[in-house]
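Worksheet for the structure shown next.
The structure displayed is predicted, hence computed values, not measured ones. Within every chain, numbering begins at 1; the chains are lettered A, B, ... in the order of the sequence lines, protein sequences first and strands thereafter.
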Amino acid sequence: MRDLPEPADLLDWYDTHARKMPWRIGPAERASGHRPDPYRVWLSEIMLQQTTVAAVKDYFLRFTTLWPDVHALAAARDEDVMGAWAGLGYYARARNLLKCARVISEDLKGAFPDTLPELLKLPGIGPYTAAAISAIAFDRPETVVDGNVERVMARLFDEHTPLPASKPILTEHAARLTPTQRPGDYAQAVMDLGATICTPRNPACGICPWRIPCKACDMGTAAGLPKKTPKKPKPIRFGTVYIARRVDGAVLLERRPDKGLLGGMLGWPGSDWSENETPPHDTPIRAEWKTLPAEARHTFTHFHLRLTVKTALVPMDRTARVGDFLEQADFRPSDLPTVMRKAFDLMREG
DNA sequence: AAGACGTGGTT
DNA sequence: TAACCAAGTCT
């Protein structure tokens, strides 16, 4: 009969191997009963959704410098927050981040809820993030289940049912293991284990603190778990964007509608994007358009995009049919979502 | 409830 | 290089 994994063994490992991150507090501080700032926990967890730690770090530092607390963020201008988020992806997160900040600042007087039901009411906070905030910021014994935890549980218990069907089973395993002692540290420890040792490929079972009780390690099946139902192939879509530069250096941009792809972000005016061919469309302003020799290629979650980029230099007095001119001094390419920045970079090169 | 929703790094 | 993957949420 195999022993169940011991949370204490994982916590011991965490005490010596925890990675330093800007949103974490040090072990000494933790030992003296301090908790991390809920605002920073919340912000980091939203940024970390489907996003790597490495990609988040600089954004987190920028956000906390610009907006040190939830009131500052709530008071920010939408376009400043969307611009600061540009490049991180999943832009609904940024829109919900602002909505959530304003609810907490105005309705809750700046106090983050500490319970699951209250947290789940807030925009952008789902089951994972609610548990993470409750556990990490308030040290409550909630169970976090992210991709790391799913993988660790699938291996610990050698679960071969493919995701997402197996999610309830894996969640149940995870809940059974969650300790009442140091639940916040434990939550981060399981995720750190998944990120550094129990990795998707080439798991380092030899140095794993849970090697002994791990059923998949025992069976030699760890590398192939968790199983996942195969994904659908991505279709290719085609479209055209128009980069108009006025003689004074201003550029023609539009603010995309809040719903849908790249919602709330700046972008070059252009056609819709569809499979097989670029849909019929009008140019955003009358000009002598030149087509760049290369197309901008970009891959989204569910399709590949090939963008034809057309450019023109337009005189001062010409009126745009779509979008607004942004003065050169107010235009930062870093405010653009990556696909739009790619189109811009293509123009600079060509 | 299955699909929409970004991006960059790794293999 | 194409596919896979990352601390998910919303509709």
Side-chain angles (χ1 to χ4, degrees), chain A residues 18-19 21-24 40-60 82 85-97 99-100 119-137 142-152 163-165 167 171 174 184 186-196 198-203 223-224 226-237 256-265 267 273 297-305 334 336-342:
Chain A
R19 295 180 295 167
M21 298 180 198
W23 47 88
R24 286 185 173 171
R40 297 167 65 88
V41 173
W42 163 70
L43 178 60
S44 66
E45 290 300 342
I46 300 296
M47 288 183 166
L48 285 163
Q49 291 169 6
Q50 297 290 285
T51 309
T52 57
V53 167
V56 163
K57 272 184 178 161
D58 288 347
Y59 283 89
F60 179 84
M82 299 312 287
W85 196 277
L88 247 198
Y90 285 138
Y91 298 101
R93 293 184 296 172
R95 287 180 265 127
N96 286 329
L97 186 82
K99 280 188 206 164
C100 186
L119 286 162
L120 284 169
K121 290 180 192 166
L122 297 166
I125 298 184
Y128 163 77
T129 306
I133 293 172
S134 186
I136 298 170
E142 302 295 352
T143 304
V144 299
V145 183
D146 71 336
N148 289 304
V149 177
E150 289 173 351
R151 185 170 57 257
V152 170
L163 281 165
K167 172 118 183 179
T171 300
Y186 173 81
Q188 294 171 91
V190 190
M191 294 191 284
D192 268 22
L193 185 75
T196 61
C198 195
T199 50
R201 279 165 295 203
N202 307 314
K227 294 198 183 306
K228 296 192 177 181
T229 53
K231 292 165 187 168
K232 289 179 178 172
K234 298 184 204 294
I236 304 177
R237 293 187 192 174
R256 298 172 64 89
D258 266 352
K259 297 268 182 186
L261 194 68
L262 309 179
M265 299 301 291
W273 304 338
R297 291 191 178 201
H298 189 74
T299 298
F300 292 97
T301 311
H302 52 295
F303 64 92
H304 301 286
L305 179 64
S334 62
L336 298 175
T338 299
V339 62
M340 298 297 173
R341 194 177 42 69
K342 278 185 184 176

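- Position along DNA chain B of the nearest nucleotide to A/Thr299 versus A/Arg237 favours A/Arg237 as the more 5'-ward residue.
- There is no side-chain donor-acceptor pair under 3.5 Å between A/Gln49 and A/Tyr128.
- A/Arg201 places its CZ atom 6 Å from the P atom of C/dC5, with the value rounded to the nearest Å.
- Counting to the nearest Å, the P atom of C/dC4 and the NZ atom of A/Lys228 are 10 Å from each other.
- A/Ser134 places no side-chain N or O within donor-acceptor distance of the main-chain N or O of A/Ala130, the cut-off being under 3.5 Å.
- A/Leu88 comes within 4.0 angstrom of a nucleotide base, judged by non-hydrogen atoms across all strands.
- C/dT11 and B/dG6 have their P atoms separated by 14 Å, given to the nearest Å.
- At the heavy-atom level, A/Gly194 lies nowhere under 4.0 Å from the strands shown.
- Put simply, the side chain of A/Thr199 never gets that close to the backbone of A/Thr196: no donor and acceptor are under 3.5 Å apart.
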Close N/O contacts between protein and nucleotides 8-11 of chain C (under 3.5 Å):
unit_1, atom_1, unit_2, atom_2, d
C/dG8, OP1, A/Gly147, N, 3.2
C/dG8, OP2, A/Gln50, N, 2.8
C/dG8, OP2, A/Gln50, NE2, 3.0
C/dG8, O5', A/Gln50, N, 3.4
C/dT9, OP1, A/Gly126, N, 2.8
C/dT9, OP1, A/Gly126, O, 3.2
C/dT9, OP1, A/Thr129, N, 3.0
C/dT9, OP1, A/Thr129, OG1, 2.8
C/dT9, OP2, A/Pro127, N, 3.4
C/dT9, OP2, A/Tyr128, N, 3.2
C/dC10, OP1, A/Gly124, N, 2.5

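- A/Asn202 places its CG atom 17 Å from the P atom of C/dC4, with the value rounded to the nearest Å.
- Ring-centre distance between A/Phe300 and A/His302: not below the 6.0 Å cut-off.
- Qualifying side chain to side chain contact (heavy atoms under 4.5 Å, CB included) partners for A/Pro200, counting only residues two or more places apart in sequence or in other chains: A/Arg151.
- Side chain of A/Arg93 to backbone of A/Leu88: a donor-acceptor contact under 3.5 angstrom is found.
- Within the 4.0 angstrom heavy-atom criterion, no nucleotide atom of any strand lies near A/Met340.
- Distance A/Leu163 CG to C/dC5 P: 11 Å, rounded to the nearest Å.
- One can place CZ of A/Arg151 at 12 Å from C1' of C/dC4, the figure rounded to the nearest angstrom.
- Phosphate proximity of B/dT7 to A/Thr52: absent, as no side-chain N or O sits under 4.0 Å from OP1 or OP2.
- For the OP1/OP2 pair of B/dT7 and a distance below 4.0 Å, the side-chain nitrogens and oxygens of A/His298 include at least one atom meeting the criterion.
- Between A/Arg256 and B/dC5, a side-chain N or O to OP1/OP2 separation shorter than 4.0 Å is absent.
- For A/Lys231 and C/dC4, the shortest distance from a side-chain N or O to OP1 or OP2 is not below 4.0 Å.
- Across the protein-nucleic acid pair, A/Leu305 atom CG and B/dT7 atom C1' stand 14 Å apart, rounded to whole Å.
- Using a 4.0 Å heavy-atom cutoff across all strands shown, A/Gly260 reaches sugar-phosphate atoms only and no base atom.
- Taking 4.0 angstrom as the limit, A/His302 places none of its side-chain polar atoms (N or O) nearer than this to OP1 or OP2 of B/dG3.
- At a threshold of 4.0 angstrom between heavy atoms, the contacts of A/Val339 are confined to the sugar-phosphate backbone, with no base atom among them.
- For the pair A/Arg24 (side chain) and A/Arg19 (backbone), a donor-acceptor distance under 3.5 Å is present.
- Although no hydrogens or angles enter the test, the distance criterion places no donor-acceptor pair under 3.5 Å between the side chain of A/Arg297 and the main chain of A/His304.
- Atom NZ of A/Lys234 and atom P of B/dC5 are 12 Å apart (whole Å).
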